[in-house]
Amino acid sequence: MSWVLVNGERVALNGEKSLLDVVRKAGIDLPTLCYHPELSVYGACRLCLVEVKGWGIVAACHTPPQEGMAIETNTGELRRLRKIALELILARHDRECTSCSRSGTCRLQELAERFQVHQPRFKNGANGQSHRGRSIDASGPALVRDPNKCILCGECVRICSEWQGIGVLSFSQRGSHMSVSTAFDLPISETECVNCGQCAAVCPTGALVVKSHIDHVWEALHDPEKIVCVQIAPAVRVSIGEEFGLPPGDSTIGRLSAALRRLGADHIFDTSLAADLTVLEETSEFLKRFDAGERLPLFTSCCPAWVKYAEQFYPEYLVNLSTCRSPQQMLGSLVKRYYSGELGVSPKQVVMISIMPCTAKKFEAQRPEFTTGGAPDVDFVITTQELADMIREQGLDYTALPEEPLDEPFAKPTGAGIIFGVTGGVSEAVLRRAYEVLASEPAHAVEFTEVRGFDGLRSCELSFGDRTLRLGVVHGLSNAAALLKEIQAGTVHYDMVEVMACPGGCVGGAGQPLTRGDGRVRRRRGAGLYQGDSEQEVRRAQENPAVTALYQRWLGEPGSAEAHDALHTAYTPRRGNRSGDDGACAEVSSAHTAD
Amino acid sequence: MPGATAVEMRELVDSILTRHKKAPSSLIPVLQDLQDELRYLPEDCLTMVAHGLGISPATAYGVATFYAQFSLEPRGKYIIKVCDGTACHVRGSSPLYQAICKRVKLENGKATSKNGLFTVETVACLGACVIAPVVVINDKAYGQMTPEAINLIIDELEKEDGRDQVCKTAS
């Protein structure tokens, strides 16, 4: 067996790509600022330096291990170099740590502390290096960019182009003038940003953060005139505990409910129940198209980042998008349209707040089509992290809270609604309904494990007599783009395609507690949702008595005119089409669509 | 073709892209061709190029701002490069530079004259130290320059441009 000597101890090699992997396997936490295990290697921060005997000092992240190498990870020279690298990074970094929203979760702060850079020798702003002069871009609905805190690690640049295939951010200028910027330094609201927020999730500092709406939510909660309804997305229950020391994947929906009630919420609803509704509406829509052979594949429309992406880059496929609103907007619409009436108040008196794993939901809630009586269906969206901040601000001990039920009529989802929060979940939930309709003999299949997992593209085929249903599942918009190209070329055929922008689906959303690229955390959250599903008495959306009651009370039946009004939407192309060759330059103008 | 209309710019971009087979790797040659035609890279054209090559506008912007050869600001018909290498510097390139800026009436901080005729910039060394101080205007080098001599040359260029304008109107 081949091995490497790390600080004199043998470490067996097992396909590790870099010395960094080997050293970390040996239990030594080499510092990095620009390294992300799921992105290409950049090698800019110079913190993972190691000394290889006979070679000298190299960056471990882009040096492949070789049989018999002897490496040292902490010599006097390495310590000196690491400290200088940190001091230089700090020289042009805005060091207002106490008032930075990433204080406590900032990797630069953590490393400066770990390597005792208490008196950096290089003055902030020395040699004309501005560290506070550049303007902060808060133009977008979900993200705030502060270039004064950027350390040029490029993680945001790489995740946007490699994982999402968009490339809103890039390095511009050169040398000491280099910065991360949008095209032409445009405000982010005027770019092709889909608000997925993955850039903020990977940013090691406070240069890219999620826009906070906490103050608006407190204001609503403290307003005695307002009736505050809160909805909790599926993926939030299996991740918020991490903020309070609980393991990822443990569902704390009962404690979430208890916390929200103590914050002052009047009605606490489960978005998963709206997801059950989505299953019925989307399956009804899908089966109509499947029978007629029209507008296939049907693309799911739950993910607002994907919807904006399709509107921008694949307008020719907008007719294929499901017209179903996302569960968040369905629930918002039902509350403002019907439930407020039953409470005897106007839609404007009700404040609908969403707790989401997602930053793009902030954008979705602001879309002008999602309003009732002049009031937005969802007033404010806060992320899992923002809610955790509010719980801390209130001074609650989350782990000590009792389990409390949610509120009717949106209290009890089925397992189908719960798995919406993980990639493949929407497909599986729809299959649980579609299978029942399409199978000739009564069939009660529940688990479709073919669509589970975390591969970029999964697919399955189900046969019903002489008909075959072909289903594809992708996460990551670059994976979606690759699939769309194949569909365009006619090399593959699908009847339905589920697209989620974030890695792992909503469990890997940018509003979730930070994972630092640790895919295991996402997997455990996903497993938590599947466990929640398996523990439900009812696992198929169509068998949810609460959903049946909603149709009886307000909507008639899936696909009815009333349901269409309340639960469906339409899409409009935004800007030019990058996908086609001929039309490439046709629709581009200097007028950028404002979000 | 400075002053091109939007339609002309689109046609120009399309023809350059076709010449380079729309290969993303040909971004730099495409930008060079574009700048040869327009004397600078307008934002709209950069966006068109990016979309045509299937890369993001931010990436194209990053490349265009990385290389000193590309300009995102309109540049003059005559690019005056004043050498400020060691030899030229000691032979008086600074007063020469000042004289040129004054002669073409550059406004504070701008590199291009208001009438769009001249862009003035300094370069580190042109490798012609024997004839220092050196000025290069477009592709022509002028050695042993003095403020008086360069003023005469600029006079000539202005006359030449006047003749060009007359020809243009006549045709």
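Here the structure is a predicted model, which means the values were calculated and not measured. So you know, we letter chains A, B, ... as the sequences are listed, proteins then strands, and number each from 1.
Interface summary for chain A: among B:A58, B:A6, B:A60, B:P42, the most heavy-atom pairs under 4.5 angstrom belong to B:A58. Interface summary for chain B: among A:S172, A:C160, A:S161, A:S181, the most heavy-atom pairs under 4.5 angstrom belong to A:S172.
Below 4.5 Å, heavy atoms of chain A meet heavy atoms from B:Y61, B:G62, B:T65, B:F66, B:A68, B:L72, all part of residues 61-74 of chain B. Of residues 116-145 of chain B, no residue lies under 4.5 Å from chain A by any heavy-atom pair.
The distance from atom CG of A:D185 to atom CD of B:E43, rounded to the nearest 0.5 Å, is 9.0 Å.
Annotation: B:H89, atom NE2; neighbour count of heavy atoms from other residues, nucleotides and ligands within 6.0 Å does not exceed 12. Within 6.0 Å of NZ in B:K81 there are 12 or fewer heavy atoms belonging to other residues, nucleotides or ligands.
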